[in-house]
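Working notes, structure below.
Order of appearance sets the numbers: ligands from 1, and atoms from 1 within every ligand. Remember, it's a predicted structure, so these values are computed and weren't measured experimentally.
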Amino acid sequence: MLRTKIAGIGYYVPEKVVTNHDLAKVMDTTDEWIQERTGIVERRYGKKHKETTTSMAARASEVAIKRAGISKDEIDFIIFATLSPDYYFPGCGVLLQRELGITNTAAGALDIRNQCSGFVYGLSVADQFIRTGMYKNILLVGSEMHSMGLDFSTRGRNVTVIFGDGAGAMVLQPTQEDKGVLATSLHSDGTYAEKLAFINPGAHGGYHAAHMDEAQDFGYSDAEYGEMFINEHMIENGQIFPYMEGQFVFKMAVQKFPEVILETLEKAGLKKEDIDMLIPHQANLRISQFVQRRMGLRDDQVWNNIQKFGNTTAASVPIALCEAYEAGAVKDGDIVCLAAFGSGFTWAGAVIRW
Ligand code: UT7
């Protein structure tokens with residue numbers, strides 16, 4: 001039976017370290033508050049005008065391609081997961097193709113917009129393409145340059161302190177061996193779309209206002225259609241930044257993580273006792289610790305790096321997995337479980353035999 005194996009993995013984080021103390025200089029927050037509520041000590045920010053979501057993805061991809069032992073022109077499909085694309089359109093998939101100098105136009109490029117679960121969704125999509133024999137070398141990346149789109153005033157502190165920049169990548173190939181992706185599970189529930197969202201600029205024109213907890217006056221004038229996408233009123237009122245109802249999201253996350261892990265293990269014919277390494281999306285250290293307790297896992301069976309990188313959304317799972325691999329914490333034959341939950345809401349799981 002054809003399966004999807006991880007032939008190469010890589011990650012990249014920018015050099016610039018931003019500590020909680022640095023953030024406390026620009027907004028009303030403290031190192032104590034951030035560490036106690038999230039576990040985060042510091043995060044990385046990309047170099048403005050020098051690095052982007054795409055350029056960081058390229059650095060991570062170069063490592064993954066090298067480890068896979070292929071040339072970049074052998075890549076026949078690119079899957080790019082991000083919520084912080086360089087452009088509104090076109091997507092980062094084609095920008096990455098250009099950045100890597102891939103001249104093979106037979107390679108397709110697909111962008112995935114599933115926020116925190118984007119990478120695990122992407123892995124499931126890649127798995128289908130590989131198992132049907134359609135592609136032989138899929139480059140899957142998750143990359144985020146959050147620092148370009150956060151509210152650094154006190155108004156945005158509940159969101160801004162959490163996020164960091166970075167990228168992770170994998171090269172995926174077919175294998176006849178009994179290893180690689182054993183099962184994936186994908187879920188969504190759009191009921192709570194606005195609980196964690198980055199709404200403007202967008203083509204909604206206020207249509208979904210009834211779903212927002214706080215009534216938002218978007219300042220539209222019926223005659224001025226062009227201004228419905230983005231206008232000065234939105235900018236003045238901070239409606240151009242991510243919004244999160246943190247406690248609501250937290251409660252959903254601690255419910256959905258264990259559910260999707262158990263579901264995906266069952267599909268793979270495994271039990272929670274079979275997990276060698278759990279790589280949870282790095283949403284909040286408190287969420288990961290809750291999930292660890294629910295799964296009955298030891299500290300050395302769960303990889304957390306949110307303390308130093310913050311929440312890198314679509315990049316967090318591949319960065320954490322790559323770090324665990326480089327540290328020798330993931331070995332041949334290990335059962336590795338990936339799980340993510342986030343905006344949408346969407347959540348997903350994957351079980352891999354390394
Ligand atoms: O990755 C995608 C999925 N995302 C998540 O899973 C995130 C889930 N949620 C969380 O991680 C937490 O809800 C947060 C870390 C975002 C927030 O923690 P919280 O304990 O839920 O805080 P809160 O939003 O309920 O706010 C509690 C208080 C408020 O003050 P008052 O109204 O009680 O006076 C906030 O204004 O903490 C205040 N606060 C802050 N204080 C200092 C909010 N952010 C900050 C801050 N520094 N950065």
Side-chain angles (χ1 to χ4, degrees), residues 18-43 81-84 112-121 142-144 146 149-166 168 187-189 192-198 213-214 238 241-261 279-292 294 304-307 309-320 338-349:
V18 176
T19 66
N20 295 342
H21 296 289
D22 293 329
L23 291 179
K25 288 178 199 150
V26 296
M27 64 178 74
D28 184 11
T29 190
T30 60
D31 177 51
E32 293 73 32
W33 192 96
I34 300 171
Q35 285 210 45
E36 192 190 312
R37 307 281 177 129
T38 71
I40 299 167
V41 179
E42 58 190 40
R43 73 286 291 141
T82 185
L83 66 66
S84 51
I112 295 218
R113 298 196 49 182
N114 277 72
Q115 299 70 248
C116 304
S117 67
F119 192 87
V120 187
Y121 258 72
S143 181
E144 305 285 359
H146 285 305
L150 295 171
D151 182 355
F152 285 94
S153 73
T154 295
R155 181 180 58 195
R157 64 183 178 175
N158 68 317
V159 173
T160 300
V161 300
I162 297 175
F163 292 104
D165 300 343
H187 291 279
S188 66
D189 181 356
Y192 307 111
E194 288 77 14
K195 298 284 188 198
L196 174 49
F198 195 152
D213 287 337
E214 293 162 39
F241 295 114
Y243 168 83
M244 173 162 67
E245 205 176 305
Q247 292 202 9
F248 188 85
V249 178
F250 193 104
K251 283 178 197 150
M252 291 295 281
V254 293
Q255 184 189 331
K256 298 302 179 191
F257 267 102
E259 274 179 22
V260 80
I261 293 168
I279 311 279
H281 160 54
Q282 303 292 294
N284 181 321
L285 189 60
R286 308 296 160 232
I287 294 176
S288 296
Q289 288 167 335
F290 179 92
V291 176
Q292 178 180 340
R294 281 289 305 279
N304 285 305
N305 60 12
I306 191 170
Q307 300 91 326
F309 297 144
N311 177 341
T312 56
T313 310
S316 94
V317 166
I319 292 176
L338 315 180
F341 173 88
S343 165
F345 293 133
T346 61
W347 59 105

Report the part of [X] in contact with ligand 1, treating N, CA, C, O as backbone and CB onward as side chain, heavy atoms under 4.0 Å; options are side chain, backbone, both, neither.
X	result
T160	neither
N311	side chain
N158	both
I162	side chain
M27	neither
R286	neither

> What are the two closest non-hydrogen atoms of F163 and V159, and how far apart are they?
Replying inline: CD1-O, 3.2 Å
>> Going by side-chain hydrogen bond (donor to acceptor under 3.5 Å, both in side chains), E144 matches just one of T312, T313, T82. Which one?
In response: T82
> From I40 CD1 over to I306 CD1, what is the distance, rounded to the nearest 0.5 angstrom?
Replying inline: 4.0 Å
>> Out of L23, I287, N284, who is nearest to atom 6 (O) of ligand 1 when you count heavy atoms only?
In response: I287
> When you measure from atom 4 (N) of ligand 1 to each heavy atom in V249, T30, T154, which option holds the nearest one?
Replying inline: V249
> Counting each atom of ligand 1 from 1 as listed, which ones have a heavy atom of V161 under 4.0 Å away?
Replying inline: 48 (N)
>> As an exercise, identify every atom of ligand 1 less than 4.0 angstrom from a heavy atom of C116.
In response: 1 (O), 2 (C)
> Does V120 offer a backbone N or O that forms a donor-acceptor pair with the side chain of S117 under 3.5 Å?
Replying inline: no
> Any donor and acceptor pair, going by atom type alone, linking the side chain of N284 with main-chain N or O of R37 inside 3.5 Å?
Replying inline: yes
> Within the structure, does at least one protein heavy atom fall under 4.0 Å of atom 33 (O) of ligand 1?
Replying inline: no
> How about atom 8 (C) of ligand 1: does it have a protein heavy atom within less than 4.0 Å?
Replying inline: yes
> Would you call R157 and D28 a salt bridge, using N to O less than 4.0 angstrom?
Replying inline: yes
>> Below 3.5 Å, N or O to N or O, backbone or side chain included: is there any such pair between G246 and ligand 1?
In response: yes
>> Using a 3.5 Å cut-off on N or O atoms only, is T38 in polar contact with ligand 1?
In response: no
>> Does any part of the side chain of L196, heavy atoms only, come nearer than 4.5 Å to the side chain of E245, both counted from C-beta?
In response: no
>> Does any part of the side chain of T38, heavy atoms only, come nearer than 4.5 Å to the side chain of R286, both counted from C-beta?
In response: no
> So H281 and F257, would you call those rings parallel, tilted or perpendicular, with 30° and 60° as cut-offs?
Replying inline: parallel
> Once the angle between the rings of F341 and W347 is folded into 0 to 90°, is it parallel (under 30°), tilted (30 to 60°) or perpendicular (over 60°)?
Replying inline: tilted
> Can we call the ring centroids of F241 and F198 under 6.0 Å apart?
Replying inline: no
Starting from [atom], which protein heavy atom do you reach first, and at what distance in Å?
atom	answer
atom 38 (C) of ligand 1	R157 NH2, 3.6 Å
atom 48 (N) of ligand 1	T29 OG1, 3.1 Å
atom 27 (C) of ligand 1	R37 NH1, 3.8 Å
atom 21 (O) of ligand 1	Q247 CG, 3.0 Å
atom 39 (N) of ligand 1	W33 CZ2, 3.4 Å

> Given the rule in the side chain to side chain donor-acceptor pair (under 3.5 Å) test, do R43 and N311 qualify, once you have shown the distances and angles that lead to the verdict?
Replying inline: CA-CA 8 Å; R43 73 286 291 141; N311 177 341; over 6 Å; no
> Applying a strict 4.0 Å limit to heavy atoms, is M244 in contact with ligand 1?
Replying inline: yes
